Amino acid sequence: MSQLRVRGLAGKKALTGTLRVSGAKNSALKALAASILFADELRLTNVPLIEDIETLSTLLLGVGVTSQRTGDHERTFSAQNVTSGALDVPLSEKIRASIVLTGPLLSRTGGVSFPHPGGDVIGARPIDLFLAGFVAMGATATSMGGTYTLKAPQGLHGADIFFRIVSVTATETLMMAAVLAKGKTILRNAAMEPEIPHLAEFLNRSGAKISGAGTPTITIEGGPLLRAGGTSYDILPDRIEAGSFAILGSLLADELEITNCVPEHFAILTEMLRFSGAPIKAEGSSVRISGNGKRSNNTFKPLTISTHEYPGFATDLQAPMTVFLTQVNGESNVFETIFEGRLNYTQDLVQMGADITMGNPHQIIVRGPSTLYGRELFGPDIRAGLAYLIAALVAEGDSVINNVHYIDRGYERIEEKLAAIGAPVKRMQ
Ligand code: UD1
């Protein structure tokens, strides 16, 4: 089990240089699932080198979808021999995105069975929206001994579906299922995260008929299998990685350029950091922090953060942002509105010296500035794991971060990227 050893910078703005953002985990995983909708080979570029991609590729192999790594960040997927069947249980239980395979698989093959999908323990994470959607599209859904079975031997048909809750993966899964269904599907109260219109545009280039992706109402006219025809699909830059780098840079960098990103996709975060006092601005496909060494973190202003569906403040940036708030001057409020278990990690920040009070599982008050002290940490999930890394860098003294596999699930070669801008982070095997 590898660990990250971190020497704290004690709040000094010692980092400088350039960080290149990798392809987005939450875009790439959906693109892998989309390969099931294709009659021919699908080529993906800008694929991040992260654990979740390996896990989903292995799951796909189990249902007959073969893949090849054709470059450092390039892969091909071929679903010519896809079979209906059972998704591997331990692998499906490792990642939430395993559920996304069910839509294209059911639609293409007429049947799929799978366990409750796993992933971060940040709340109950039910799958009722998925099941209700499939049933509305003509499938039967049964559940026995922890296994769900969906059947639609005659294929799926279009349906008018209203989501009770806005869900990113339910929107993507049913949108993909509808591509091969008979007739028209309308998804209402759909999620609008940038990965969704990006996926729809690519599917449309290959023959799908999707309109309205990126708005709350998506309409899909079902049709035959898609054809990539040799074109490739470039995975979006990761807005969560980019945003996390922006937070790290605001706390600890003098000069930092974050490149290969779409600043518009995390504009609310940049606005919040700027409002607080960080000298940060978007320039084309980069975000730059400039002259930050002159500004002490304890001159930064407190903030009220309320997580929200896109274009609101991403729940995946809530934990790193809370670390930022431990360093600013005054009382900040954080409201986590999406996942009920997503503030539990703050107990570890308190152990490091942060002044955080939990009002209820959805709300904390953060009083700053606090000196954080290095310690041994056990990352509880992917996003909080990265927040711990930022906290360890801000702290005085050394830290050891265990459970690095959580960070590796979503962030490519994190220690190499951070070491290149001067961060004292080392991986110990
Ligand atoms: C996706 C992202 C995750 C991000 C989250 C919110 C992927 C692989 N993961 O997760 O990084 O944190 O969006 O931006 O893309 N819900 C139900 N029933 C359902 C489905 C969801 O009640 O059937 C609830 C969830 O418990 C949660 C809310 O809906 O409270 C939103 O969750 P959702 O958007 O589905 O998150 P994911 O798609 O799992």
Side-chain angles (χ1 to χ4, degrees), residues 23-34 48 50-53 55-56 59 92-103 114 116-136 141 143 148 150 161-177 187 189-199 216 235-236 238-241 243-244 265-266 268-269 306-321 335-343 345 361-362 381-387 406-407 409-411:
K25 168 177 97 67
N26 287 350
S27 169
L29 292 171
K30 321 312 164 49
L32 262 65
I50 53 172
E51 278 296 319
D52 274 16
I53 297 294
T55 307
L56 206 72
L59 261 171
S92 301
E93 285 175 347
K94 247 173 115 174
I95 54 172
R96 173 77 180 174
S98 59
I99 185 81
V100 182
L101 299 182
T102 61
F114 57 99
H116 196 87
D120 293 330
V121 185
I122 52 179
R125 307 193 89 177
I127 60 165
D128 55 305
L129 299 175
F130 297 78
L131 299 178
F134 292 136
V135 169
S143 158
Y148 299 94
L150 300 171
I161 295 165
F162 190 99
F163 292 114
R164 178 178 50 85
I165 299 173
V166 178
S167 163
V168 176
T169 43
T171 300
E172 293 163 328
T173 304
L174 294 177
M175 182 174 89
M176 286 196 272
L187 304 178
N189 201 23
M192 300 191 287
E193 269 63 8
E195 294 77 21
I196 298 170
H198 190 71
L199 174 65
I235 302 300
L236 267 186
D238 196 316
R239 63 196 163 91
I240 305 302
E241 187 192 36
S244 304
H265 290 170
F266 54 104
I268 191 160
L269 172 80
S306 186
T307 62
H308 198 278
E309 295 83 18
Y310 187 83
F313 196 95
T315 172
D316 286 350
L317 286 170
Q318 178 262 105
M321 194 60 171
F335 299 91
E336 171 53 60
T337 67
I338 313 233
F339 294 111
E340 64 276 19
R342 213 167 204 184
L343 288 169
Y345 72 90
H362 284 284
D381 65 65
I382 167 175
R383 307 302 177 190
L386 195 82
Y406 284 125
I407 299 179
R409 276 190 48 206
Y411 300 92

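From a predicted model like this one, the values you see are computed outputs, not experimental measurements. Start at 1 and go down the list; that is how both ligands and their atoms are numbered.
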Inset, instruction - Look up atom NE2 in His116 and atom CD1 in Ile99, then write down how far apart they are to the nearest 0.5 Å. - result: 7.5 Å

Legend entry - CZ on Arg409 to CD1 on Ile53, rounded to 0.5 Å: 11.0 Å

Legend entry - Heavy-atom side-chain proximity of Asp128 to Arg164 below 4.5 angstrom: yes

Inset, instruction - Could you tell me if any non-hydrogen atom of Ala170 lies under 4.0 Å from any atom of ligand 1? - result: no

Legend entry - Within-shell test, Ile240 vs ligand 1, heavy atom, strictly < 4.0 Å: no

Inset, instruction - Would you give the length of the straight line joining atom CZ of Phe134 to atom CG of Leu150, rounded to the nearest 0.5 angstrom? - result: 6.0 Å

Inset, instruction - Find out whether Leu59 and Ser92 are in side-chain contact, i.e. whether some heavy atom of one side chain is under 4.5 Å from a heavy atom of the other. - result: yes

Inset, instruction - Report the part of Tyr310 (side chain from C-beta onward, or backbone N, CA, C, O) that has a heavy atom under 4.0 Å from ligand 1; answer both or neither where that applies. - result: neither

Legend entry - Test item: Ser143 side-chain N/O and Tyr148 main-chain N/O as donor-acceptor pair under 3.5 Å: no

Inset, instruction - Mind checking whether Ile338 contacts ligand 1 via backbone (N, CA, C, O), side chain (CB onward), both or neither, at a 4.0 Å heavy-atom cut-off? - result: both

Inset, instruction - May I ask whether Arg342 places a heavy atom under 4.0 Å from ligand 1? - result: yes

Inset, instruction - Identify the residue among Tyr411, Tyr406, Tyr345 that makes a side chain to side chain donor-acceptor pair (under 3.5 Å) with Arg383. - result: Tyr411

Legend entry - Numbered atoms and elements of ligand 1 in range of Lys30, under 4.0 angstrom, heavy atoms: 7 (C), 8 (C), 15 (O)

Inset, instruction - Give a yes/no verdict on whether any heavy atom in Glu340 is under 4.0 Å from an atom of ligand 1. - result: no

Legend entry - Contact check: Arg125 vs ligand 1, nitrogen or oxygen atoms, below 3.5 angstrom: yes

Legend entry - Option nearest atom 37 (P) of ligand 1 (shortest heavy-atom distance, choices Thr169, Ile165, Asp316, Val100): Thr169

Inset, instruction - Mark up the atoms of ligand 1 that fall under 4.0 Å of a heavy atom belonging to Val166, in ascending order. - result: 31 (C), 34 (O)

Inset, instruction - Before signing off on this row, confirm whether Glu193 and ligand 1 have an N or O atom pair separated by under 3.5 Å. - result: no

Inset, instruction - For ligand 1, note which part of Asp128 has a heavy atom under 4.0 Å away: side chain, backbone, both or neither. - result: both

Legend entry - side chain to side chain contact (heavy atoms under 4.5 Å, CB included), paired with Lys25, selected from Ile50, Ile240, Leu56: Ile50

Inset, instruction - Could you list the atoms of ligand 1 found under 4.0 angstrom from a heavy atom of Ile127? - result: 23 (O)

Legend entry - Close side-chain approach of Ile338 to Glu336, heavy-atom, < 4.5 Å: yes

Inset, instruction - Would you check the N or O atoms of Ser167, main chain and side chain alike, for any that come under 3.5 Å of an N or O of ligand 1? - result: yes

Legend entry - Beyond-backbone contact of Arg239 with Tyr310, side-chain heavy atoms, under 4.5 angstrom: yes

Legend entry - Numbered atoms and elements of ligand 1 in range of Thr315, under 4.0 angstrom, heavy atoms: 6 (C), 12 (O), 14 (O)

Legend entry - Euclidean distance, Arg342 CZ relative to His362 NE2, rounded to 0.5 Å: 12.5 Å

Inset, instruction - Return a yes/no value for Pro126: is any of its N or O atoms, backbone included, closer than 3.5 angstrom to an N or O of ligand 1? - result: yes

Legend entry - Nearest-option assignment for atom 16 (N) of ligand 1, heavy atoms, candidates Leu131, Thr171, Thr307, Leu129: Leu129

Inset, instruction - Mark up the atoms of ligand 1 that fall under 4.0 Å of a heavy atom belonging to Asn26, in ascending order. - result: 2 (C), 3 (C), 7 (C), 8 (C), 9 (N), 11 (O), 15 (O)

